Student: 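Quick one: this structure, given as structure tokens, is what I'll be asking you about.
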Amino acid sequence: QGTRGPARRGKIRGTRPEVTDPGPAAADRVCPLVRRESLGGAYALLTFEHRELAQAKAGQFAMIQPEAPGDLILRRPFSIMDTDPVSGRFTIFLKAVGPGSRTVFDLREGENARVLGPLGRGFSPPREGERVFLAGGGYGVAPFALFSRVLPPGRAALHLFYGGRSAVDLPLIGELERRDIPMTLSTDDGSRGEKGRVTGPLLSALSETAGNARLYACGPGAMMQAVARIAAEREIPCEVSLDPWMGCGVGTCLGCVVKIQEPGEAGPKNRPACTEGPVFDSRRVIWPHGDPA
Amino acid sequence: QGTRGPARRGKIRGTRPEVTDPGPAAADRVCPLVRRESLGGAYALLTFEHRELAQAKAGQFAMIQPEAPGDLILRRPFSIMDTDPVSGRFTIFLKAVGPGSRTVFDLREGENARVLGPLGRGFSPPREGERVFLAGGGYGVAPFALFSRVLPPGRAALHLFYGGRSAVDLPLIGELERRDIPMTLSTDDGSRGEKGRVTGPLLSALSETAGNARLYACGPGAMMQAVARIAAEREIPCEVSLDPWMGCGVGTCLGCVVKIQEPGEAGPKNRPACTEGPVFDSRRVIWPHGDPA
Amino acid sequence: MSAKSPAAGPSLQVRIGALTLKNPLLAASGTCGYGVEIAHVVDLSTLGGIVTKGLYLAARDGCEVPRIVETPAGLLNAIGLQGVGIRVFVDKFLPQLRAYDTAVIVNVCGETVEEYAEVSRIASEAPGVHALEINISCPNVKTGGIAFGIDPVMTHDVVAAVRRASSLPVIPKLSPNVTDITVFARACEEAGADAISCVNTFLGLAIDVESKKPKLAFGTGGLSGPAIRPLAVRMTWQAARAVKIPIIGIGGIASANDALEFFIAGAAAVQVGTLNFSRPNIYAEIEGGLVDYLTRHELSGIHALSGTLQYPR
Amino acid sequence: MSAKSPAAGPSLQVRIGALTLKNPLLAASGTCGYGVEIAHVVDLSTLGGIVTKGLYLAARDGCEVPRIVETPAGLLNAIGLQGVGIRVFVDKFLPQLRAYDTAVIVNVCGETVEEYAEVSRIASEAPGVHALEINISCPNVKTGGIAFGIDPVMTHDVVAAVRRASSLPVIPKLSPNVTDITVFARACEEAGADAISCVNTFLGLAIDVESKKPKLAFGTGGLSGPAIRPLAVRMTWQAARAVKIPIIGIGGIASANDALEFFIAGAAAVQVGTLNFSRPNIYAEIEGGLVDYLTRHELSGIHALSGTLQYPR
Ligand SMILES: Cc1cc2nc3c(=O)[nH]c(=O)nc-3n(C[C@H](O)[C@H](O)[C@H](O)COP(=O)(O)OP(=O)(O)OC[C@H]3O[C@@H](n4cnc5c(N)ncnc54)[C@H](O)[C@@H]3O)c2cc1C
Ligand SMILES: Cc1cc2nc3c(=O)[nH]c(=O)nc-3n(C[C@H](O)[C@H](O)[C@H](O)COP(=O)(O)OP(=O)(O)OC[C@H]3O[C@@H](n4cnc5c(N)ncnc54)[C@H](O)[C@@H]3O)c2cc1C
Ligand SMILES: Cc1cc2nc3c(=O)[nH]c(=O)nc-3n(C[C@H](O)[C@H](O)[C@H](O)COP(=O)(O)O)c2cc1C
Ligand SMILES: Cc1cc2nc3c(=O)[nH]c(=O)nc-3n(C[C@H](O)[C@H](O)[C@H](O)COP(=O)(O)O)c2cc1C
Ligand code: FES
Ligand code: FES
């Protein structure tokens with residue numbers, strides 16, 4: 001597969017503040033499932049109990065498998081959707097797509113899961129006064145629940161663009177409204193919110209925006225790539241949360257590498273998304289299929 | 001492993017009546033678990049629904065695994081403990097000893113199992129007027145529940161000797177009493193019934209017996225071998241239900257062979273217990289460890 | 001080969017040399033007895049063919065028990081080719097088998113090249129035997145067996161001898177316990193084989209740690225089942241590229257998807273082994289899956305799928 | 001070797017040539033990075049040692065993704081030996097590793113015999129490297145790798161060259177993709193190896209049937225995990241009987257019981273690979289199980305268990 005660099009390289013501003021609290025140290029824990037809520041179809045919310053994991057930072061994830069022995073070897077990665085440090089609980093938003101997510105999906109309340117986490121580098125906080133635009137789709141919208149809650153003062157200026165193929169693909173609307181996150185919905189078929197991709201409403205919002213803005217995207221690759229392109233063209237700082245296939249979550253299997261080119265490097269390097277990401281400055285990302293037309 | 005022939009070869013009477021109803025044809029069926037009753041510890045009674053299987057003959061078995069995919073390849077063999085042809089149900093008595101029996105043990109009511117059966121040749125009925133003595137231990141006592149119920153007139157003359165290491169190893173007493181089967185209990189440690197092996201009370205009963213007797217043994221190998229020896233010495237017809245490790249239940253894997261020497265044969269042959277047994281005329285059986293002292 | 005038009009539904013018919021199979025699903029040797037044992041559990045007429053348990057000239061009693069033990073996603077066995085011998089098969093079982101509309105392939109064993117040839121001759125003269133699978137790869141016998149299958153020269157000699165002794169399609173069954181399977185595939189092709197069965201079991205050892213003895217009475221055994229599928233698919237792909245004769249893919253097939261991997265890798269037909277024990281009716285499921293796949297991909301038949309793997313290099 | 005008396009509890013200490021390990025549990029190459037990555041998840045000081053990801057002279061970027069795919073009870077991988085190169089390892093990671101009480105074994109790679117020797121020389125001169133594991137068995141690189149491991153002569157050459165270049169214990173890592181592993185074990189012993197790692201991954205292929213492409217970007221991959229354990233135990237047993245130098249058993253270890261199978265088969269130590277990904281803390285569990293077993297069987301130490309298999313023939 002040939003891989004091309006980003007279309008334009010604007011001046012690159014260091015968008016990741018030097019000191020980002022890395023969150024609590026990762027460890028392998030056994031956590032009881034205290035609450036399981038079905039969101040219909042293949043979607044569910046799973047809330048586990050664990051003090052340290054309840055300290056996870058927005059954008060971090062965990063490698064999870066049922067404690068009971070099954071026929072799969074590897075765990076599967078799931079984002080921390082939200083946490084409650086007080087009660088010591090954390091929640092994941094899960095879509096059952098295959099055997100691994102299915103085994104977690106099938107967990108019943110009271111059963112235990114092995115949870116290795118919290119893992120990875122999450123989203124970096126926006127700067128003072130920046131307008132924050134979030135673009136989410138699929139399970140990728142999950143981490144924005146926590147992210148939006150923990151935002152410092154600038155909070156008011158936050159807006160989420162939540163899109164999917166159809167109305168049924170927006171199962172998290174209720175949860176996000178409960179956290180009263182300002183949202184614009186969109187669906188490809190127009191069955192809910194505006195018709196079309198999230199980038200539509202995002203673009204019009206950006207054009208109306210005076211002053212500094214910052215983008216965060218998490219969802220299907222094509223969507224993140226489109227948002228990254230918008231950011232590059234406007235030279236707006238943007239972070240994307242990548243989700244390659246992961247085997248270990250701690251940087252040892254090298255199964256999750258993505259092509260990243262840091263400033264000053266001659267070319268892109270394969271870097272593990274589990275430890276150097278999953279959140280990356282979009283300008284560093286060399287997308288597998290080059291730029292969309 | 002050297003294998004020796006039986007100690008004495010008395011004249012061998014054809015103990016298996018020519019025409020034994022083989023029971024319904026075997027087939028692979030999906031059966032719902034309609035009732036699960038724990039008998040404490042690793043013991044449970046599982047009742048499944050299926051018209052044909054409810055026609056199984058005493059001493060037959062089935063190869064069973066949960067319908068839901070798991071990490072085991074082979075099914076495990078379990079005797080049909082009892083049947084209810086009217087309601088179309090059959091029950092197995094299960095002891096969880098390892099992964100395979102555990103997966104069946106863990107089935108919940110409403111879940112399905114794949115059941116290949118009924119399989120094998122069961123017990124042959126006693127002759128008119130014969131006194132029937134049953135020796136059972138461990139899960140081996142299970143098939144006697146059905147056997148004793150379906151016995152023709154001679155029924156009154158039936159007596160079961162049920163033994164185990166200790167009282168906790170006789171979990172089926174209640175079930176057998178419910179079918180009011182005349183029983184003598186024994187335990188190695190004397191914690192329930194007579195102290196010692198089942199062969200003790202069996203021997204005294206035999207010595208008091210006038211007229212023809214017939215023995216049936218199902219349980220641990222050593223017990224069946226001891227009963228077989230008693231039968232051989234007294235030239236009493238005796239059937240034993242062997243339980244080698246089984247892979248297929250239909251005679252194709254040849255994993256379950258036992259050494260059987262039919263009359264007129266020069267020496268023993270490896271024969272699949274799943275199709276030619278599991279019930280055999282004890283005089284044909286060449287025991288793996290020769291005769292006990 | 002009459003490839004039906006997609007309209008008429010995709011064709012499952014395949015040719016193995018002179019032998020035409022109505023579908024490419026065979027029951028593997030040693031996992032379906034002589035066919036008749038499973039006739040009441042699975043309708044043999046739904047199978048493309050069945051391969052008999054390995055047969056020598058004389059009857060054999062095989063290994064002591066334990067003969068089989070489960071391993072992760074696999075089955076380790078040392079049966080030791082217990083069998084009735086070719087003559088008893090021909091006299092007693094073959095007549096019953098002929099009642100079914102399925103190809104009968106005899107799995108030929110021998111301790112010497114001469115025995116292979118003689119068993120083949122007897123099988124060839126019997127009405128109702130459609131092909132010979134030459135077992136040069138059984139890891140569970142002390143003489144012959146795998147010894148013939150891990151030496152290209154001996155492989156060539158056995159196959160050539162059988163070729164001379166029989167006019168039936170000759171299908172050597174390769175051992176996976178070799179460095180380069182293509183060497184053996186070519187030796188078979190040169191010796192006049194009509195097709196190749198790929199593969200037999202992998203030599204393995206499982207130990208009971210409490211007794212410090214092997215779990216199998218024989219000691220080592222042959223590993224089969226889903227665990228070996230990626231290795232068998234790789235070997236099928238290598239063999240198919242090395243020779244022109246058709247390859248019959250074998251190893252861990254447990255679903256239509258698994259079978260499709262073998263066809264795409266280059267198999268003309270496949271055999272199901274271990275899964276016969278736990279899923280005797282798996283053939284209907286696999287056949288349905290194949291038809292569905294061929295239809296979705298608008299392929300005229302399974303033959304059109306063989307060897308369509310798009311390999312990166 | 002100081003075998004403690006059962007009273008003092010069984011000893012887990014083992015000797016691999018001149019190298020003494022405080023316990024026989026090593027993290028396998030490519031499954032624990034350079035050690036430091038997992039230091040926060042598992043206490044490295046509880047391991048007998050760690051084997052680094054394969055290292056060449058220069059840094060390498062490895063294969064495209066997908067690089068790993070799960071198979072039944074197994075993992076198929078084609079990473080392509082992505083790594084920082086021996087010098088960066090020595091300068092950047094080795095110093096951090098020295099903080100832990102565990103043996104550091106460098107997994108040496110090369111495209112030529114000379115590169116193997118040079119990497120070995122550099123590793124040997126660095127303080128804190130305890131031994132060299134020579135990777136002549138990686139199936140996922142186009143030049144070198146497995147090519148050295150499936151030819152006894154090349155195996156001998158590489159091992160001999162490394163032997164000359166280093167005074168550290170030299171531990172060639174054998175490929176299981178061979179007909180007779182004992183040939184390669186002897187070649188290593190003759191070339192001056194101090195021990196043998198047995199085994200690397202099995203060459204496999206998994207196909208995505210919808211796209212008709214291999215599931216791994218590289219094409220084929222190496223199979224690891226519980227699926228291969230019976231094959232790895234068999235090879236460990238064969239190798240241990242063929243040579244006098246110690247064998248390090250590797251393949252599908254997921255429990256103390258699994259590890260015990262390798263020791264009884266003849267291994268002096270074992271490595272855990274794939275299971276590091278899903279059970280990073282498995283070492284404590286295995287160590288506990290070994291101690292319990294040795295105590296129950298009244299063995300003075302794990303060394304007393306090696307090669308105690310009672311084989312039927
Ligand atoms: C950092 C990270 C965070 C994630 N967060 C969430 C989350 O919060 N909620 C959630 O439901 N899922 C999340 N995922 C995705 C989830 O891990 C995958 O859906 C899961 O691993 C699929 O495994 P499976 O065995 O269920 O399906 P598989 O059979 O392994 O895969 C099913 C299909 O999905 C594809 N696939 C598998 N894994 C991925 C992946 N990681 N990315 C894209 N395609 C994949 C496969 O190729 C296959 O086509 C996250 C993934 C990453 C890397
Ligand atoms: C004809 C027949 C009828 C049976 N009926 C019943 C029944 O009614 N109820 C019941 O609970 N069990 C019954 N069994 C036994 C049952 O099949 C085994 O307990 C089960 O297969 C064990 O498998 P596992 O995976 O649970 O344990 P494994 O881990 O496979 O075995 C656990 C231990 O038991 C040993 N073992 C496994 N299978 C057998 C066997 N068949 N005989 C002796 N030892 C064995 C193993 O070597 C191991 O030591 C029957 C067996 C046969 C052959
Ligand atoms: C119990 C058992 C017995 C077997 N007997 C034979 C045999 O007699 N002849 C032979 O060529 N292969 C024999 N095989 C190998 C199978 O035919 C097949 O090649 C192998 O099991 C791989 O396929 P699978 O993974 O689908 O089982 C046997 C396999 C098993 C499990
Ligand atoms: C993802 C992955 C990467 C590996 N990388 C290497 C390597 O760089 N060098 C090496 O000698 N072996 C490598 N191996 C092989 C392992 O060290 C080990 O030999 C093999 O996985 C078998 O052990 P296991 O079944 O416990 O995983 C790798 C294995 C895996 C799964
Ligand atoms: S998931 Fe293993 S290195 Fe990232
Ligand atoms: S269990 Fe397979 S032949 Fe008896």
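First the proteins, then the strands, lettered A, B, ... as listed; each starts at 1. What you see is a predicted model; the values in this text were computed from it and never measured.
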Student: Does any heavy atom of chain C fall under 4.5 Å from the side chain of B/R76, the backbone, both, or neither of them?
Tutor: side chain
Student: Is there a donor-acceptor pair closer than 3.5 Å between any side-chain N or O of C/R67 and the backbone N or O of B/C256?
Tutor: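 Side chain of C/R67 to backbone of B/C256: no pair is present.
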Student: Treating C/D61 as the side-chain partner and B/K269 as the backbone partner, does any N or O pair qualify as donor plus acceptor under 3.5 Å?
Tutor: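 No, because the side chain of C/D61 does not come within donor-acceptor range (under 3.5 Å) of the backbone of B/K269.
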Student: Is it the side chain or the backbone of C/E70 that comes within 4.5 Å of chain B heavy atoms, both, or neither?
Tutor: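 It is the side chain, since no backbone atom gets that close.
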Student: Report the distance from atom CG of B/L254 to atom OG1 of C/T31, rounding to the nearest 0.5 Å.
Tutor: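 It is 11.0 Å, given to the nearest 0.5 Å.
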Student: Among B/T275, B/V258, B/D71, B/L72, who wins on heavy-atom pairs under 4.5 Å with chain C?
Tutor: B/L72
Student: C/S278 side chain to B/I73 main-chain N or O, any donor-acceptor pair under 3.5 Å?
Tutor: yes
Student: Of all the heavy-atom pairs spanning C/G33 and B/T252, show the shortest one and how long it is.
Tutor: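 Looks like N-CG2, 3.6 Å.
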Student: For C/I68 and B/M246, work out which heavy atoms get closest and say how close.
Tutor: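 Closest heavy-atom pair between C/I68 and B/M246: CD1-C, 4.2 Å.
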Student: Shorter than 4.5 Å, heavy atoms on both sides: which option in B/C253, B/A26, B/P244 has the most such pairs with chain C?
Tutor: B/C253
Student: Taking every non-hydrogen pair under 4.5 Å, which of C/H40, C/E37, C/R279, C/K53 racks up the most with chain B?
Tutor: C/R279
Student: Looking at B/C248 and C/F277, what are the two nearest heavy atoms and their distance?
Tutor: CB-CD2, 3.6 Å
Student: Select, from B/M63, B/R271, B/R75, the one with the greatest count of heavy-atom pairs under 4.5 Å involving chain C.
Tutor: B/R75
Student: Roughly how far apart are B/N270 CG and C/Q82 CD, rounded to 0.5 Å?
Tutor: 5.0 Å
Student: If we only count heavy atoms from C-beta on, is the C/E64 to B/K259 side-chain gap below 4.5 Å?
Tutor: yes
Student: Check whether more than 12 heavy atoms from other residues, nucleotides or ligands sit under 6.0 Å from atom NZ of B/K95, and answer yes or no.
Tutor: no
Student: Contact part of B/L116 toward chain C, heavy-atom cut-off under 4.5 Å: side chain, backbone, both or neither?
Tutor: side chain
